[in-house]
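A short worksheet on the structure shown next.
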Amino acid sequence: MPEQPLLTKDREPRSDPTAEAGPPRARAIGRLSIGRLATGRLANGRLATGRLANGRLATGWIGRALPRTGRALGPWVVPLLVLTVWQTTAKTGALPPRILPAPEAVLRAGTDLAATGELQHHILTSLRRIAQGFALGAATGLLLGFGVGMSKAAEILLDRSLQMVRTIPHLALVPLMIAWFGIGEEPKVLLVALGTFFPVYLNTVTGIRGVDPKLLQLGRSYGLGRWRLVRDIAIPGAMPTVLAGIRYSLGVAWMTLVVAETISASDGIGYLAQDARQLLRTDQIVLAILLYALAGLFADLLTRLIERKVLRWHPNYRRPGSR
C-alpha cells in the first residue's frame with residue numbers, strides 16, 4: 001500500500017522536512033527562522049526593555065566598560081576645564097586682576113600665608129568650629145528624630161514646636177547670639193549646630209516613618225522585642241535617608257560658619273576673607289572661597305565613604321562593578 005502524504009489543516013500536502021527545498025520554500029523557512037530568533041530573544045529578555053526590567057541600564061554596562069582610570073579622572077574634567085579657561089583669560093587680560101586674579105596669584109597668596117603659619121591657623125580654627133557645631137547639632141537631631149519618628153507621644157509633644165522654630169532663619173539669630181555670648185566661640189558653634197540640627201532631624205523622622213510596616217510586622221512575628229526591632233529593622237531601613245540629611249547638613253554648616261566668621265570672629269577662613277576685603281586683596285578672598293570649596297569636597301567624600309561602609313548591603317551604594 002503506498003505511503004499516505006502528511007496533510008495540513010487545509011488538506012494541502014506537506015513534504016518531508018528532509019526533502020530538498022526550492023527557492024520559495026527556502027525563503028519561507030528563512031522567515032520562520034527569523035521569527036523564531038526574534039521570539040527567542042523576547043522570551044530570553046535580551047531586548048532593551050528586558051535589560052531595563054532586570055535593572056541593567058545602559059549606563060550600567062557603559063560604566064562597567066569604562067576603564068578604572070577613566071572613572072577616577074572623569075569628575076575632574078570640568079574643574080580642570082574651568083581652571084584652564086580661568087588661567088587663559090587672566091593671562092590674556094580679558095579678566096582683569098581686580099575682578100578675578102590669575103590662579104598663580106591665588107596660589108602665591110596661599111604659599112605666603114602658609115609660610116608664616118597664618119593659613120594653617122585659620123584652617124584649623126574653622127575645622128574645630130565645624131566639628132564642634134556639627135557634632136552637637138547632628139547628635140541632637142538624630143536623638144530627637146528617632147524619638148519623634150518612633151513615638152506618637154513624642155511627636156505630639158515636640159514636633160509642632162520644632163517645626164515652628166525651623167521656620168526662623170538661623171542666620172537671623174546672629175545679632176542675638178552676639179548679644180548673649182559676645183564674639184567668642186559660643187555663638188559660632190551654636191549657629192553651626194542650629195544649621196545642622198534641622199536637616200538631620202527632618203531626614204531622620206522621614207526615614208523612620210518610611211520603613212516598611214510589613215518588615216516590622218515580620219520582625220514581631222519572629223519574636224523580636226522593641227529594641228531588636230529598632231536595631232535590626234528601623235535603623236538600617238532609615239539609614240539611607242539619615243545619611244542624606246547628614247550630607248546636606250554639612251553644606252549648611254559650612255555656609256553658616258562663613259557668615260558667623262565674617263561677622264564676629266578674629267580668626268578662621270571667614271575672617272581671612274573679611275580681612276582681605278578691607279585690604280583689597282582679591283587674591284586672598286578667592287583663596288578663602290577655594291578653601292571653603294575644598295572643605296566641602298572633602299566633607300562630601302567622607303560622607304560618601306561612610307555611606308559605602310554603613311550601606312554596603314544596599315545595591316545602590318555599592319562600588320561600580322562590585323557584586
Side-chain angles (χ1 to χ4, degrees), residues 76 79 82-83 86-87 90 97-140 170-171 173-197 200 246-306:
W76 298 101
V82 172
L83 185 62
W86 179 13
Q87 176 68 20
R98 61 182 180 83
I99 297 179
L100 190 64
E104 56 187 16
V106 177
L107 181 61
R108 192 182 310 113
T111 54
D112 293 341
L113 290 173
T116 61
E118 185 178 355
L119 182 63
Q120 296 89 320
H121 172 70
H122 291 312
I123 293 176
L124 291 176
T125 301
S126 294
L127 288 176
R128 187 189 73 247
R129 290 165 179 163
I130 280 288
Q132 293 174 349
F134 179 79
L136 178 61
T140 309
H170 63 282
L171 294 179
L173 300 177
V174 172
L176 188 61
M177 291 288 182
I178 295 176
W180 285 349
F181 303 104
I183 58 173
E185 293 297 306
E186 292 84 359
K188 304 174 189 60
V189 173
L190 288 177
L191 284 172
V192 172
L194 281 175
T196 304
F197 168 78
V200 175
I246 290 177
R247 286 183 63 186
Y248 178 73
S249 65
L250 278 171
V252 177
W254 279 107
M255 180 184 67
T256 304
L257 185 63
V258 171
V259 178
E261 289 183 340
T262 302
I263 295 176
S264 61
S266 58
D267 51 9
I269 301 176
Y271 169 78
L272 175 64
Q274 182 71 9
D275 187 62
R277 182 189 66 82
Q278 295 177 356
L279 298 175
L280 300 179
R281 293 292 304 273
T282 313
D283 52 352
Q284 292 186 4
I285 296 176
V286 176
L287 175 64
I289 294 173
L290 292 178
L291 289 175
Y292 279 123
L294 291 175
L297 173 63
F298 287 123
D300 187 72
L301 291 177
L302 179 61
T303 310
R304 288 176 180 269
L305 180 62
I306 296 174

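Heavy atoms only: backbone and side chains are in, while hydrogens, waters and symmetry mates are out. Small disclaimer: the values here were computed from a predicted structure and weren't measured.
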Mind checking whether Thr256 and Leu171 have side chains closer than 4.5 Å, heavy atoms only?
yes
Is there a donor-acceptor pair closer than 3.5 Å between any side-chain N or O of Gln87 and the backbone N or O of Ala102?
no
Decide yes or no for His170 and Val252: does some side-chain heavy atom of the first lie under 4.5 Å from some side-chain heavy atom of the second?
yes
Give me the atom names and distance for the closest heavy-atom approach of Ile269 to Ala288.
CG2-O, 3.7 Å
Ignoring hydrogens, what is the shortest heavy-atom contact between Thr282 and Ile99? Give both atom names and the distance.
CG2-O, 3.9 Å
Parallel, tilted or perpendicular: rings of Tyr292 and Trp254 (30°, 60°):
perpendicular
Is any side-chain heavy atom of Leu291 closer than 4.5 Å to one of Leu119?
yes
Is the shortest distance from a Lys or Arg side-chain nitrogen in Asp300 or Arg304 to a carboxylate oxygen in the other one below 4.0 Å?
yes
Could you report the tightest heavy-atom contact between Ala114 and Gln120, atom names first, then the distance?
O-NE2, 3.2 Å
For Ala109 and Gln284, which heavy atoms make the closest approach, and how far apart are they?
CB-CG, 4.2 Å
Closest approach of Trp86 and Pro103, non-hydrogen atoms and distance?
CD2-CG, 3.6 Å
Taken to the nearest 0.5 Å, the spacing of Leu302 CG from Arg247 CZ works out to 11.0 Å
For a 4.5 angstrom cut-off between non-hydrogen side-chain atoms, does Leu272 reach Leu113?
yes
Measure the shortest side-chain to side-chain distance between Thr125 and Arg129 over non-hydrogen atoms and say whether it is less than 4.5 angstrom.
yes
More than 12 heavy atoms of other residues, nucleotides or ligands under 6.0 Å from OH of Tyr248: is that the case?
no
Side-chain heavy-atom pair Leu190, Trp180 within 4.5 angstrom cut-off
no
Worked check of side-chain contact (heavy atoms from CB on, under 4.5 Å) between Arg277 and Thr262:
CA-CA 11 Å; Arg277 182 189 66 82; Thr262 302; over 6 Å; no
Shortest non-hydrogen contact from Leu191 toward Ala260:
CD1-CB, 4.1 Å
Salt bridge Lys188-Glu261, side-chain N to carboxylate O under 4.0 Å
no
Has Ser126 got a side-chain atom pairing as donor or acceptor with Ile123's backbone, closer than 3.5 angstrom?
no
